[in-house]
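Both counts, for ligands and for their atoms, begin at 1 and track the order of listing.
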Amino acid sequence: MSLRLQILAIFLVPVAVIGALYAFGLTIPIPHLGRDYVIRLALPQTAQPVDLPEVLGPPDRTRPLVVIDAGHGGKDPGASVEGLREKDIVLGLAKSLRDRLVEEGGIRVALTRDDDTYLILEERPQIARRLDADLFISIHADSAGDQLGVRGASIYTLSNEASSEAAARFAARENRAGLGVNGVVLDAQNEAVNTILVELSQRRTQEASAEFASLITREGEGVLSFHPQPRRSAALAVLRAPDVPGVLYESGFVTNPEDAERLTSDEGRAQFAETMARAIRIYFARQADLP
Ligand code: ZN
């Protein structure tokens, strides 16, 4: 080895050692003036597509978990009229419901967003699935353009057609990803069997979602102001998790003055939170009775 290379090596070896320590995320103690200084190197997390939100409520993981999704956010304001944006209204409602559930205790709660973050649609049910949630509620508000008289809340569940179509696509996708549904690991060899398994899970999920939707209309009768036909179904991407029962709650119309007042006042938010929390409790109590 030439002298030049030896000198180079003397300089490069410590750099290589520190680099290797960095790569393995180790800390390097440096004795200095009688005190120990530690350099901590935070390594970026890999394979974490979205940070999972904090779960509030009892630490006991056997308690039921509800994931509340405030629609829109960030660059997507949702339905808006002057001074009112859907993304703000629904975040207010979501936080009121979260606070109410945490206050009453016994149920774990997480929000898909608790600030003005933009989330794509698919991320929302994905968060619920990854947290292994027992119930999912996506909160929205509607606009009726210049039809100021149109008002009232509606509850959407996933339509049957969209449900079986979603089941087939889910089976194909999860098949590739090697994931399971409801604790059943899908067989990578048999797409037909997978579709049946996912459809069975989807059907149970649909029944549970429909039951929760009925509880909202029952408990909200005379308290929440419902649309004349409050129960609807549609092909909503946000409700396509095959193993997490869920509804999309259209809380009312930003274009209707009474609805807008109800959705943005402390009193209106409290009524919503109280009613919805009661429906959630009854739902979980019934599910716990099931064999
Ligand atoms: Zn919306």
- Quick one: sort the Tyr283 and Phe212 rings into parallel, tilted or perpendicular, breaks at 30° and 60°.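 Answer is perpendicular, since the angle exceeds 60°.
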- Item | Distance filter under 2.8 Å, centred on the Zn ion (ligand 1) - protein N, O or S atoms that pass it |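 Result, waters dropped: His72 NE2, Glu86 OE2, His140 ND1.
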Assess, by modelled atom type and distance only, whether the side chains of [X] and [Y] contain a donor and an acceptor separated by less than 3.5 Å.
X	Y	result
Ser225	Arg151	yes
His140	Glu250	no
Thr157	Arg232	no

- State whether Arg85 and Asp88 are salt-bridged, where the test is any N-O pair (Lys NZ or Arg NE/NH1/NH2 against Asp/Glu carboxylate O) under 4.0 Å.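 A salt bridge is present here (some side-chain N lies under 4.0 Å from a carboxylate O).
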- Hey, is Asp116 close enough to Lys87 for a salt bridge, meaning N to O under 4.0 Å?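 Yes.
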